[in-house]
Student: 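My structure is below; once you've seen it, I'll send some questions.
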Amino acid sequence: DPATVAKQALPPFDEPIGNGSGFFITEDGLFITNAHVVENSTKIEVRTAAGKKSANVLRLDKDKDLALVRVSVVKGTVGVLNIATNKVTLGKQVFTSGYPLVEMQGSRPKFTDGKISSLAGIRDDPDQMQISVPVQPGNSGGPLADVNGEVVGVIVGGVAPDKQKY
């Protein structure tokens with residue numbers, strides 16, 4: 001199951017100043033999200049089925065926009081996603097589950113599916129790929145999974161229609 005991530009300002013503010021999605025890769029609390037979701041945070045909380053859990057950043061890679069986070073959980077109480085070892089192919093069926101626009105769409109996870117539409121990202125970036133899966137703010141950091149439920153990528157962002165040139 002994906003989880004939602006909130007970064008907060010210093011007390012006394014209780015409202016998050018941002019949020020995103022993420023997923024557990026180990027039963028003892030290692031969690032993946034985007035660097036832009038957690039960077040410059042003073043407090044990070046991950047909302048799981050068991051409630052809000054405190055977290056801290058272990059590693060941050062701004063170039064790849066990834067963050068490895070340690071979440072305070074009891075081992076075996078969170079669902080873990082496996083990382084795919086098979087090569088990703090053009091046209092492969094994929095899906096994501098995350099927490100887009102929680103202020104408007106609510107706090108339950110949203111499922112969207114599509115296909116790998118390019119094996120290169122924006123401006124032919126070989127470290128990224130393009131997908132036909134609709135994503136919105138808040139999907140950032142969520143898993144992109146194949147039909148076996150194995151992670152083939154991490155959602156980084158989308159192209160806003162007003163930024164497109166025809």
Side-chain angles (χ1 to χ4, degrees), residues 1-7 16-41 44-48 55-71 73 78-102 105 109-166:
D1 292 339
T4 184
V5 182
K7 60 182 180 181
I17 58 170
N19 70 308
S21 300
F23 56 97
F24 287 96
I25 58 170
T26 66
E27 290 183 350
D28 62 350
L30 288 181
F31 186 83
I32 299 288
T33 190
N34 287 140
H36 78 262
V37 170
V38 296
E39 69 183 337
N40 303 320
S41 299
I44 301 170
E45 289 182 336
V46 174
R47 221 176 266 162
T48 70
N56 59 13
V57 175
L58 297 178
R59 309 260 329 212
L60 200 66
D61 184 336
K62 290 184 182 182
D63 291 334
K64 297 210 184 303
D65 198 6
L66 290 172
L68 178 63
V69 176
R70 167 75 66 194
V71 182
V73 297
V78 294
V80 175
L81 295 180
N82 293 319
I83 307 299
T85 56
N86 297 332
K87 186 176 179 177
V88 177
T89 57
L90 191 63
K92 184 175 189 128
Q93 186 74 33
V94 290
F95 70 91
T96 191
S97 183
Y99 298 87
L101 302 169
V102 292
Q105 295 186 26
K110 309 300 180 280
F111 171 91
T112 53
D113 62 348
K115 296 184 181 207
I116 303 291
S117 54
S118 176
L119 296 175
I122 302 294
R123 295 186 180 94
D124 293 324
D125 182 344
D127 290 334
Q128 296 181 343
M129 57 186 142
Q130 295 177 46
I131 56 176
S132 65
V133 178
V135 296
Q136 298 166 319
N139 276 117
S140 292
L144 181 68
D146 64 16
V147 294
N148 298 318
E150 294 184 326
V151 177
V152 298
V154 178
I155 303 298
V156 172
V159 176
D162 62 338
K163 303 292 184 206
Q164 296 176 359
K165 300 196 188 247
Y166 297 97

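These numbers come from the heavy atoms of this one structure, side chains and all, not from hydrogens, waters or symmetry mates.
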Student: Locate the shortest heavy-atom distance separating Leu119 from Thr89; write the atom from each residue and the value.
Tutor: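 Heavy-atom minimum between the residues: CD2-C, 4.0 Å.
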Student: Measuring only between side-chain heavy atoms, which start at C-beta, is Asn82 closer than 4.5 Å to Asn148?
Tutor: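 The answer is no; the side chains never approach within 4.5 Å.
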Student: Measure the shortest side-chain to side-chain distance between Phe31 and Val78 over non-hydrogen atoms and say whether it is less than 4.5 angstrom.
Tutor: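 Phe31 vs Val78: side chains apart.
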Student: Distance-only, no hydrogens or angles: does the Thr112 side chain make a donor-acceptor pair with backbone N or O of Pro134 under 3.5 Å?
Tutor: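 A pair under 3.5 Å: yes.
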Student: Tell me, yes or no, whether the heavy-atom count around Lys92 atom NZ, taken from other residues, nucleotides or ligands under 6.0 Å, exceeds 12.
Tutor: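 Counting other residues, nucleotides and ligands, NZ of Lys92 exceeds 12 neighbours.
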Student: With side-chain contact (heavy atoms from CB on, under 4.5 Å) as the test, would you mind laying out the steps for Val57 and Leu68 before giving the verdict?
Tutor: CA-CA 6 Å; Val57 175; Leu68 178 63; over 6 Å; no
Student: Out of curiosity, Ile155 CD1 to Thr33 OG1, how far, rounded to the nearest 0.5 Å?
Tutor: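 Between atom CD1 of Ile155 and atom OG1 of Thr33 there are 11.0 Å.
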Student: Using the side-chain contact (heavy atoms from CB on, under 4.5 Å) definition, which of the options Ile116, Val135, Val156, Val154 pairs with Leu144?
Tutor: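 Single pass found, and it is Ile116.
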Student: At what distance, to the nearest 0.5 angstrom, does CZ of Arg70 lie from CG of Leu30?
Tutor: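 Answer rounded to 0.5 Å: 4.0 Å.
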Student: Determine the minimum heavy-atom distance between Ile122 and Gln128, stating which atoms define it.
Tutor: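 Here Ile122 and Gln128 meet closest at N-OE1, 4.0 Å.
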Student: Once you round to the nearest 0.5 Å, how far does CZ of Arg59 lie from CD1 of Ile32?
Tutor: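 Answer rounded to 0.5 Å: 11.0 Å.
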Student: With heavy-atom distances below 4.5 Å as the criterion, would you say the side chains of Asp146 and Gln93 are in contact?
Tutor: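 No, too far: nothing below the 4.5 Å cut-off.
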Student: Measuring from Glu39:CD to Asn34:CG, what's the distance to the nearest 0.5 Å?
Tutor: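 Those atoms lie 10.0 Å apart.
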Student: For a quick test of reading the model, state the closest non-hydrogen atom pair linking Ala35 to Asp61 and the distance between them.
Tutor: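 Heavy-atom minimum between the residues: CB-O, 4.0 Å.
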Student: Quick check against the 3.5 Å criterion: does Thr96 have a side-chain atom that pairs as donor or acceptor with the backbone of Pro143?
Tutor: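 Yes.
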Student: So which heavy atom on His36 is nearest to which on Ser140, and how close?
Tutor: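 Taking every non-hydrogen atom into account, NE2-OG, 3.1 Å.
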Student: Could you check whether any side-chain heavy atom of Gln136 comes within less than 4.5 Å of a side-chain heavy atom of Gln105, counting everything from C-beta outward?
Tutor: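 Side chain of Gln136 against side chain of Gln105, heavy atoms only: contact under 4.5 Å found.
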Student: If you count every heavy atom of other residues, nucleotides or ligands that lies below 6.0 Å from Asp124 atom CG, does the total exceed 12?
Tutor: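 Count not over threshold, so no.
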Student: Of all heavy-atom pairs between Ile83 and Ile25, which one has the smallest distance, and what is that distance?
Tutor: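 Closest pair (atom of Ile83, atom of Ile25, distance): CD1-CG2, 4.3 Å.
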Student: Do any N or O atoms from the side chain of Ser21 and from the backbone of Tyr99 form a donor-acceptor pair under 3.5 angstrom?
Tutor: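 Yes; judged by distance alone, with no hydrogens or angles, the pair exists.
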Student: So, Ser132 side chain and Lys115 main chain: donor-acceptor pair closer than 3.5 Å or not?
Tutor: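 Yes; at least one donor-acceptor contact below 3.5 Å.
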Student: Looking at Lys64 and Asp127, what are the two nearest heavy atoms and their distance?
Tutor: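 In this case the closest contact between Lys64 and Asp127 is NZ-OD2, 3.1 Å.
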Student: To the closest 0.5 Å, what do you measure between CG (Asp125) and CD (Gln130)?
Tutor: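 One finds 10.0 Å between CG of Asp125 and CD of Gln130.
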Student: When rounded to the nearest 0.5 angstrom, what is the spacing between CG in Leu60 and CG in Asp65?
Tutor: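 That separation rounds to 8.5 Å.
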